[in-house]
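In what follows, a structure is listed as structure tokens, so that the remarks can point back to it.
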Number of protein chains: 2
Amino acid sequence: MASIKDVAAEAGVSVATVSRVLNGHPSVSADARARVLAAVEALGYRPNAVARSLRTDETRTLGLVISDVMNPYFTELARSVEEEARALGYSVVIGNADERPELQDHHVRTLLDRRIDGLLVSPTDGGSPLMLDAARAGTPMVFVDRWIPGVDVPVVRADGRAAVRDLVAHLHRLGHRRLAIIAGPAATTTGSERVEAFREALAEFGLPLPDVCIGQGDFQAESGRRVTERFLDLPEPPEVVFAADNLMALGALDAVRARGLRIPDDIALAAFDDIPWFVHTDPPITAIAQPTGELGRAAVRALVDRIEGRPPQSVALPARLVVRRSCGEPGEGTPAQSPVPAQSPVQRSKP
Amino acid sequence: MASIKDVAAEAGVSVATVSRVLNGHPSVSADARARVLAAVEALGYRPNAVARSLRTDETRTLGLVISDVMNPYFTELARSVEEEARALGYSVVIGNADERPELQDHHVRTLLDRRIDGLLVSPTDGGSPLMLDAARAGTPMVFVDRWIPGVDVPVVRADGRAAVRDLVAHLHRLGHRRLAIIAGPAATTTGSERVEAFREALAEFGLPLPDVCIGQGDFQAESGRRVTERFLDLPEPPEVVFAADNLMALGALDAVRARGLRIPDDIALAAFDDIPWFVHTDPPITAIAQPTGELGRAAVRALVDRIEGRPPQSVALPARLVVRRSCGEPGEGTPAQSPVPAQSPVQRSKP
DNA sequence: CTGAAAGCGCTTACAG
DNA sequence: CTGAAAGCGCTTACAG
């Protein structure tokens with residue numbers, strides 16, 4: 001592969017001059033520039049980014065460590081991150097932690113070794129020493145979706161409180177009183193915050209959240225299935241299951257179907273995270289939608305601000321409730337107090 | 001960040017010795033080794049992969065350029081690619097072409113600039129000069145899923161011919177005679193091969209495939225919707241729509257639902273690619289499943305073989321038909337000639 | 001077993 | 001405007 005030396009020889013100039021024209025440095029004669037460009041063209045020369053990075057100490061690359069690529073929510077997040085990064089002149093390399101702390105560490109380490117300019121992470125756990133050290137050592141970092149309290153790192157996330165409250169109001173209106181939740185890992189902020197928001201909303205409506213109605217999941221489908229089976233085995237099973245993410249909702253669906261039960265007649269289901277398939281499931285699933293694309297873009301902007309020396313900003317964007325049919329139709333249970341208009345199935349929460 | 005020089009100073013040896021212990025070179029005294037390791041620990045030293053790559057001319061990184069990350073099929077492919085690569089000591093950086101040739105080129109160029117050791121690609125089109133030049137210039141490359149004819153690059157893919165034939169047999173048995181397909185771009189092998197396999201299978205059953213029954217999609221949901229609407233507007237609409245990938249099936253579902261039509265009563269639907277959600281749609285969707293994880297792993301093995309100087313092998317793994325309810329139940333149409341047992345909804349094609 | 005030195009492909013003060 | 005030279009952080013023949 002042609003190097004800068006070859007180009008210099010071909011153009012009859014020094015490598016310094018070649019470097020200058022390649023980097024748009026102003027002080028190059030038109031003649032030299034033309035000869036260099038011609039040589040570049042003739043040799044099909046492409047600068048070696050590895051060498052450049054070693055010299056400039058920047059890779060124009062962002063690392064993104066997410067908890068689970070197979071989760072459509074994170075896939076979409078990754079996509080919007082890449083788009084915004086590309087627009088700002090950065091590449092992104094993705095590490096999939098698969099909800100496993102040791103895999104998360106593997107990726108953080110690899111990314112750091114490659115000297116990425118900054119790190120976007122959605123932590124799988126409370127934060128490993130490796131990650132915390134990197135943050136303290138000054139590696140530009142921002143948390144996205146999930147975060148770690150007590151660390152001085154900007155956070156870009158959705159605020160689901162109002163939407164969860166809207167969901168509980170919706171369930172209450174339909175006459176449901178015994179509600180259960182499939183929670184995410186307590187070590188993650190999204191894991192604990194969603195349970196808390198749910199508990200608070202229930203309290204507001206005078207409803208209890210007994211321990212047997214809190215199932216411990218891990219944000220993956222299999223755990224949703226397992227927890228749902230336990231719910232169904234209860235002497236007094238819940239009337240509603242709220243899955244704290246879309247994959248656990250998929251697992252719950254599997255479990256319900258395996259028992260030959262029907263939604264919402266036998267049991268109602270709602271999910272945190274909205275995905276295109278929820279429109280087509282049997283029945284369509286009521287969900288809380290995050291502004292995923294916006295989150296990804298905001299996270300990149302915050303990280304690049306940090307990298308380029310501008311003060312980065314934390315962001316919290318409101319999630320919103322999307323009512324479908326998996327919790328019952330207004331009128332099926334207690335008469336609806338404020339019926340959802342059939343024409344507009346999307347109900348926005350007021351931020 | 002500590003460099004190898006700092007470690008050498010701390011340990012009281014030369015950088016050469018530090019390098020040797022880090023790389024497991026045998027000729028280092030136990031004493032020197034111990035001192036180096038202690039210094040590494042004390043300083044929290046991590047080798048700079050950028051510098052190492054420049055020197056050794058290898059990055060231990062694979063590039064993966066896929067057509068669309070948001071497609072669950074490719075997400076799963078990417079995941080299995082990363083797993084196998086990691087097992088073999090490589091990282092992978094993913095480029096999402098989003099079915100856009102110019103984006104594909106952008107990623108190929110970026111990856112090449114970064115001097116990845118090898119490239120895995122699922123081409124979005126017939127192949128750009130950039131990609132073909134890279135292949136000719138000797139960049140280790142393997143095609144996965146889609147490929148480009150006439151280029152000397154190993155191919156790892158699924159063979160869907162038998163499964164498509166099984167699907168058509170299934171449809172015929174159910175009494176369907178007027179079948180349509182939402183095809184992928186003709187410039188992609190999967191785009192054209194699936195239409196061809198479908199056409200051949202139809203011919204075998206004496207069924208025509210008129211031009212109006214071939215809709216041109218681009219493997220993304222929106223095109224599935226558009227094409228389906230056109231089918232539905234036909235004076236004599238098809239009885240079955242076969243979507244050549246799962247996203248176009250999603251679009252078809254949207255279109256059918258928007259018209260208030262029911263599946264399979266008003267129109268039947270089948271898809272190439274199987275995904276977990278197909279079990280839960282209304283109704284569950286009959287699909288052709290690819291051995292996605294196996295494809296990803298085989299592709300990585302082929303590429304690494306090529307990189308490390310072993311002869312790489314092309315691979316074609318059989319896809320299989322998974323019968324669900326979206327095309328009707330046996331007995332609904334013409335009496336089933338060989339009914340699908342209700343107990344086992346999964347029917348394997350014989351390779 | 002060990003170290004001094006060259007060199008990977010760039011960029012960038014420094015002189016001119 | 002231009003080039004010679006230093007140096008980024010490593011690895012690896014080459015001598016000893």
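Remember, predicted model here, so these are calculated numbers, not experimental data. Each chain gets a letter, A, B and so on, in the order the sequences are listed, and its residues count up from 1.
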(Q) Going by purine N1 to pyrimidine N3 plus the second Watson-Crick contact, or the G-U wobble pair, all under 3.5 Å, which nucleotide sits opposite C/dA13? (A) none
**Q.** Heavy-atom check, side chain of A/Val21 versus side chain of A/Val13, under 4.5 Å
**A.** no
Q) If you measure from the Lys or Arg side-chain nitrogens to the Asp or Glu carboxylate oxygens, is any gap between A/Arg35 and A/Asp31 under 4.0 Å? A) yes
(Q) In this structure, how many angstroms lie between the C1' atom of D/dT2 and the NE2 atom of A/His25, rounded? (A) 10 Å
Q. What is the per-nucleotide protein-contact pattern of nucleotides 3-12 of chain C, from the 5' end, where B denotes a base atom under 4.0 Å from a protein heavy atom, S denotes such proximity for sugar-phosphate atoms only, and - denotes neither?
A. BB-BBBBBBB
Q: Can you tell me the pairing partner of C/dA4 across any strand shown, Watson-Crick or G-U wobble, with both distances under 3.5 angstrom?
A: none
Q | Among B/Gln104, B/Arg146, B/Arg100, the one residue meeting side chain to side chain donor-acceptor pair (under 3.5 Å) with B/Ser67 | A | B/Arg146
Q: May I have the step-by-step check of side chain to side chain donor-acceptor pair (under 3.5 Å) for A/Glu82 and B/Asn96, ending in yes or no?
A: CA-CA 9 Å; A/Glu82 196 276 333; B/Asn96 174 209; over 6 Å; no
Q | Pair B/Arg157 + B/Asp145, salt bridge at N-O below 4.0 Å | A | no
Q) Given atom CZ of B/Arg33 and atom P of C/dC1, what is their separation to the nearest angstrom? A) 9 Å
Q) Side chain of A/Thr59, backbone of A/Ser53: donor and acceptor closer than 3.5 Å? A) no
